[in-house]
Amino acid sequence: MTVLPAGLAQVTLRRLIQYALLFALVVIAASGLSGLLDRLFTSGAVLASTDVAGLARSLAFTLIGGPLALLLWWFVWRRLDDEAERRSAGWGLYITAMYGVSLIIFTTSLLGMAASLIGRRDSDWAPALANAVVWAAIWAWHRWMWKHPRKPTVHLDDVRAVVGSVFGLLLGAGAGIAALSGLLDVAVRGFPLTVTVEPWWYPVLRSLVWAAGGTVVWWWHWFREGGRRFQTNLVDSIMIIVGVFAAGITALGGAGVVLFVFLRLAFDRDDPMNELLEPLAPAVAATLVGALVWRYHRTASIRRSPATMRASLLVTSAVALAASASGVGVVVNSLLAAAVSPLAGGATRTLLLGGISSLLVGGPVWWLAWNPRNQPQAAEAIPPGRRVYLIAFFGVSAVVALITLLVIGYRVFEFLLGDVTGGSLLDRIRAPFGLLVAAALVAGYHFALWRHDRALLAAAQPARKRTIEQLTLVMRQHADPEAVARGIAEATGGARVTVWLRADDGGPALPAAGADSVGAASQAPAETVGQVAAALDGVTAQHVLVLVGHGTLEVIPLHSPPK
């Protein structure tokens, strides 16, 4: 545990308190001011109306919290002439937190007000407009401090750009899926029942307003604020998590539902046509928008660094493999269901088509991303991160297999010990058994690849010829004799090493553990191993005795005594 000096601890505590207090005061003042603006927009000159308590709260927040916030900000702003204050983590965290909060509130309030005006004459637009005006001013204020030419922040610049771009991307993509889904649903199934209440294009236009606003926020922070130019691990990670992983799940999930609907139209038309086509429009919209977002970030990751490109490929492969494995499990489940209940054809057929659609969508994508026919055949061809990916997938699938095995065991004992009228044993275990088969296949495949890579890496290491079978080392007292034994065993090609500590060692005792002794203790084993390895160079014997004294080292080859 690191203990800060008294002066530094006091400065850190002072910054923590003042920035937390400034954040709270700004939020309080913004709440009061937005409440007053709401009354001004709706009540004109009559501010109190009947809500006296609400007006009193808004006045107190504004007239007390506002001046206190400005006073504390002026105190903080003067201190920022000191470079140490500008470089403090507290100032960067405050700017980032307030920038993100004000951006989200300002954007959602403005877009919500704009969407509510479409087709609704009696919409309550005043609270949203008041929030948008106040928080837009706070956002502009904090952006000005962020970009100030003489007092710029030097911490978390990439975090602010990432927060804005991720928020805009999620908002724009989600609203875009909703707008495209509404438009396609009308094209596929005709006009909805709500057309008697309002025209069908009103919900589509409202979603378009949200989609346009989210897209603008994303563009502003990704391009205008330079989010894409930050070469940091945070930006790379967010690109992979949001742009590749989340978008890939959305696209593959939507494509699986689209294929499932088409398969049902071809082989399972028991339900009414309107119900069969109901999930088609949202699935197509999710597929198109998810694929667009995934494609952009996939291309951007290629231009950034080889590590980011490899990570995007591994994440794409992981998403597709999860879809394929779930498809295999559902197919096994449906086949067992058909074997148990041949008369329940409709439900079993629907379940089977769902598994096939998931398998047909995830399988080709996994094949293209993972390319199983072109696996590394040499140690130098194994890319970084591949072994971590293999271990992670093997571990996760092994855990899933273990859990499903326990569930199967529970179902078996429940069937044997309980009432046998609750269904057949196969019907009880078919769902976890399908998941067990899929998890076992995934675990076995990745474990085999991991062993193959380990063999390649072991073959690439230089082989050490064992010239000594056993070595006995007699040495003075040492801080870590086990580390010395391991090092000598590795240097001699795997000899069995036994360490004896001399009882006649008259040297000074080892220093106590502390800051000055850590370096010496860590370097002493390596130094001793190097000296012994150099002395053993060219020595060939079944058993060797090595005596280490004060500045001396003696190597004695031994022969077995005659029998």
Side-chain angles (χ1 to χ4, degrees), residues 173-194 200 203-204 207 244-295 298 316-339 341-370 430-431 434-435 437-438 441:
I177 292 175
L180 187 57
S181 173
L183 189 62
L184 292 175
D185 192 56
V186 172
V188 172
R189 297 197 300 161
F191 298 111
L193 296 177
T194 57
W200 63 270
V204 175
S207 298
V244 177
F245 181 72
I249 290 178
T250 303
L252 286 179
V257 174
V258 171
L259 183 57
F260 174 65
V261 171
F262 286 154
L263 289 176
R264 290 202 66 188
L265 290 175
F267 304 104
D268 185 20
R269 304 185 65 171
D270 295 339
D271 295 333
M273 183 63 66
N274 193 56
E275 294 184 10
L276 289 176
L277 295 176
E278 183 179 0
L280 183 60
V284 172
T287 303
L288 294 177
V289 176
L292 179 63
V293 174
W294 174 84
R295 179 61 182 173
R298 171 79 174 83
T316 303
S317 171
V319 172
L321 182 59
S324 305
S326 63
V328 171
V330 173
V331 168
V332 173
N333 183 7
S334 61
L335 293 178
L336 292 178
S341 303
L343 298 179
T348 303
R349 185 167 56 248
T350 303
L351 187 64
L352 177 62
L353 294 179
I356 291 175
S357 62
S358 181
L359 184 59
L360 292 179
V361 169
V365 176
W366 174 79
W367 188 275
L368 293 176
W370 184 249
R430 58 185 176 85
L435 191 56
V437 171
L441 290 175

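Just so you know, these numbers come straight off a predicted model, no measurement behind them. For reference, positions follow the sequence shown, starting with 1.
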Nearest heavy atoms of [X] and [Y], plus distance in Å:
| X | Y | result |
| --- | --- | --- |
| A251 | A291 | CB-N, 3.6 Å |
| A247 | W294 | CB-N, 3.7 Å |
| V330 | L351 | CG1-O, 3.2 Å |
| I356 | V331 | N-CG2, 3.9 Å |
| G362 | A323 | CA-CB, 4.1 Å |
| A281 | D185 | CB-N, 3.4 Å |

Inset, instruction - Kindly indicate whether the side chain of T250, heavy atoms from C-beta on, has any atom under 4.5 Å from the side chain of V293. - result: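 Counting from C-beta outward, T250 and V293 never come under 4.5 Å.
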Legend entry - Minimum side-chain heavy-atom gap L265-L277 below 4.5 Å: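 Touching, per the 4.5 Å side-chain cut-off.
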Legend entry - Passing candidate, side-chain contact (heavy atoms from CB on, under 4.5 Å) with T316, options L321, V244, L252, L368: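 Only one of L321, V244, L252, L368 forms a side-chain contact (heavy atoms from CB on, under 4.5 Å) with T316, namely V244.
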So how far is it from [X] [atom1] to [Y] [atom2], rounded to the nearest 0.5 Å?
| X | Y | atom1 | atom2 | value |
| --- | --- | --- | --- | --- |
| S334 | R430 | OG | CZ | 8.5 Å |
| L288 | S181 | CG | OG | 11.0 Å |
| M273 | E278 | CE | CD | 14.0 Å |

Inset, instruction - Starting from the C-alpha separation in whole Å, work towards a yes-or-no answer on side chain to side chain contact (heavy atoms under 4.5 Å, CB included) for V261 and L276. - result: CA-CA 7 Å; V261 171; L276 289 176; 5.5 Å; no
